[in-house]
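Any value given below was found using the heavy atoms of this structure, including those in side chains, with hydrogens, waters and symmetry copies removed. In what follows, residues are counted from 1 in the order of the sequence shown.
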Amino acid sequence: MSKKALAVLTILIAIVLDQVIKIYVKTHFILGEEVLIFDWFRIHFVENNGMAMGFEFGGRTGKLFLTLFRIIAVGLIIYWLSSTIKRKVHNAVVIGISLIFSGAVGNIIDSIFYGVIFNHPKHSVAKLFPETTQGEFFYGKVVDMFYFPIWEGILPDWIPFVGGEMYTFFQYIFNPADSYITIGVVLLFIFSKQAFPKEETKEVETT
């Protein structure tokens with residue numbers, strides 16, 4: 001398989017899987033609903049405006065800025081991926097960049113379209129492609145569902161600032177697109193010499 005075909009296949013599978021999972025959760029779960037898989041793994045449906053770890057800034061303007069910034073970033077990632085494919089690099093590098101691209105696109109789809117392709121009930125599941133919706137393009141919320149509260153307990157008193165407080169590890173809820181970005185970054189870190197090659201400097205011989 002060529003590196004271009006590998007990148008296209010990775011992107012298609014990743015984005016489709018991301019959207020299938022998100023649409024299923026949004027159309028089968030009430031906002032805030034949780035299903036216990038294991039003590040350390042739960043499906044917990046939440047939504048946010050798209051910043052990492054649920055942080056927000058700037059209200060509607062910040063939301064629009066974040067989406068536009070992501071679109072520009074996706075364009076740069078496409079250029080990066082295209083130039084990388086032309087070089088003889090390990091397939092893991094191509095997969096890593098493709099996953100980062102897929103993660104960014106997956107969350108962009110939520111932000112641009114989810115406001116208008118779903119309705120937004122507070123106490124029932126959402127409907128896909130309803131007759132009417134009060135949402136807007138570019139103001140959809142990102143769907144998150146994976147929750148891994150691996151450990152919950154009171155931190156030792158000797159830990160500065162947070163000692164003696166209740167703490168949950170891992171407390172953040174994320175989605176497949178977020179996972180793609182994380183896995184992609186890890187792959188690029190492992191294969192950093194190929195992902196970020198240093199230009200070899202040739203010594204100029206003087207006579």
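Taking CZ from R70 and CD1 from I72, the interatomic distance works out to 13.0 Å, rounded to the nearest 0.5 Å. Once rounded to the nearest 0.5 Å, the distance linking CZ of F113 with CD of Q19 reads 10.0 Å. One distance of note links NZ of K141 with CG of N48; it measures 8.5 Å at 0.5 Å rounding. Note that CG of L66 is 8.5 Å distant from CG of N49, once rounded to the nearest 0.5 Å. Note that the OG atom of S179 and the CG atom of L99 stand 10.0 Å from one another [nearest 0.5 Å]. Summarising the geometry, atom CD1 belonging to I181 is positioned 6.0 Å from atom CG belonging to N107; distances are rounded to the nearest 0.5 Å.
N119 contributes a side-chain N or O that, together with a main-chain N or O of K127, makes up a donor-acceptor pair within less than 3.5 Å. H120 places a side-chain N or O within donor-acceptor distance of the main-chain N or O of F118, the cut-off being under 3.5 Å. A donor-acceptor pair is defined here as one N or O able to donate and one able to accept, closer than 3.5 Å; such a pair exists between the side chain of Q194 and the backbone of H90.
Residues satisfying the side chain to side chain donor-acceptor pair (under 3.5 Å) criterion with Y180, sequence neighbours excluded, are absent altogether. F38 is linked by a ring-ring contact (aromatic ring centres under 6.0 Å, His included) to W40, counting only residues two or more places apart in sequence or in another chain. In this view, D18 and K22 satisfy the side chain to side chain donor-acceptor pair (under 3.5 Å) rule, not counting sequence neighbours. Residues passing the salt bridge (Lys or Arg N to Asp or Glu O under 4.0 Å) test with K3: none are found, sequence neighbours excluded. With sequence neighbours excluded, the residues forming a side chain to side chain donor-acceptor pair (under 3.5 Å) with E136 are R60, listed by chain and number. The side-chain contact (heavy atoms from CB on, under 4.5 Å) check on Y167 picks up W151, L155, F169, Q171, with sequence neighbours excluded. I13 is linked by a side-chain contact (heavy atoms from CB on, under 4.5 Å) to L9, counting only residues two or more places apart in sequence or in another chain. For Y24, the ring-ring contact (aromatic ring centres under 6.0 Å, His included) partners at least two apart in sequence or on another chain are H28.
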Let me see the working for F174 and V46 under side chain to side chain contact (heavy atoms under 4.5 Å, CB included), right down to the final yes or no. CA-CA 9 Å; F174 58 97; V46 297; over 6 Å; no
CA sep, side-chain torsions, deciding dist, call: F41, F148, ring-ring contact (aromatic ring centres under 6.0 Å, His included): CA-CA 5 Å; F41 173 40; F148 289 86; 4.6 Å; yes
In sequence, state the C-alpha distance, the side-chain angles, and the governing distance for N91 and V93, and then conclude on side chain to side chain contact (heavy atoms under 4.5 Å, CB included). CA-CA 5 Å; N91 284 343; V93 176; over 6 Å; no
Evaluate N175 against D110 for side-chain hydrogen bond (donor to acceptor under 3.5 Å, both in side chains), listing each step before the verdict. CA-CA 11 Å; N175 60 43; D110 296 24; 5.0 Å; no
Please walk me through it: do Y114 and I109 pass side chain to side chain contact (heavy atoms under 4.5 Å, CB included)? CA-CA 7 Å; Y114 275 25; I109 291 173; 4.3 Å; yes
Is there a side chain to side chain contact (heavy atoms under 4.5 Å, CB included) between I95 and I183 once you walk through the steps? CA-CA 10 Å; I95 293 173; I183 295 170; over 6 Å; no
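No single ILVMFWY cluster, assembled from side-chain heavy atoms under 4.5 Å apart, contains both V8 and L187. In terms of hydrophobic clustering, with Ile, Leu, Val, Met, Phe, Trp and Tyr side chains grouped at heavy-atom distances under 4.5 Å, F101 and V185 are assigned to a common cluster. Following chains of ILVMFWY side-chain contacts shorter than 4.5 Å, one can reach L31 starting from L128, so the two form part of one hydrophobic cluster. A single hydrophobic cluster is not seen to contain both V125 and F45; linkage of ILVMFWY side chains at heavy-atom distances under 4.5 Å, directly or through other members, places them apart. Cluster annotation: I37 is connected to F170 through the hydrophobic network of ILVMFWY side chains, with a link wherever side-chain heavy atoms come within less than 4.5 Å.
Considering every non-hydrogen atom in both I97 and L188, the closest pair reads CG1-CD2, 3.9 Å. Across all non-hydrogen atoms, the minimal contact from T10 to L6 is OG1-O, 2.8 Å. Taking each heavy atom of G115 and T133 in turn, the nearest pair found is O-OG1, 3.3 Å.
Judged by a 6.0 Å distance limit and a 45° cone about the ring axis, K63 is not positioned over the six-membered ring of F138.
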Validation: residues 73-86 side-chain donor-acceptor distances under 3.5 Å, sequence neighbours left out:
unit_1, atom_1, unit_2, atom_2, d
S83, OG, Y79, O, 3.2
S83, OG, W80, O, 2.9
T84, OG1, W80, O, 2.7

Only pairs under 3.5 Å count here: list side-chain donor-acceptor contacts from residues 156-166, not counting sequence neighbours, and write none if there are none.
none

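For residues 29-46, the pairs satisfying salt bridge (Lys or Arg N to Asp or Glu O under 4.0 Å) are E34-R42, with sequence neighbours left out.
Under the 4.5 Å side-chain criterion, counting only non-hydrogen atoms from C-beta, I23 is not in contact with V143. Here the side chains of F29 and I43 are in contact, with some heavy-atom distance below 4.5 Å.
Residue V20 shares its hydrophobic cluster (ILVMFWY side chains chained together at separations under 4.5 Å) with V16.
For F137 and Y139, the ring centers sit 6.0 Å or farther from each other.
By the 30° and 60° cut-offs, the orientation of the rings of F69 relative to F65 is parallel.
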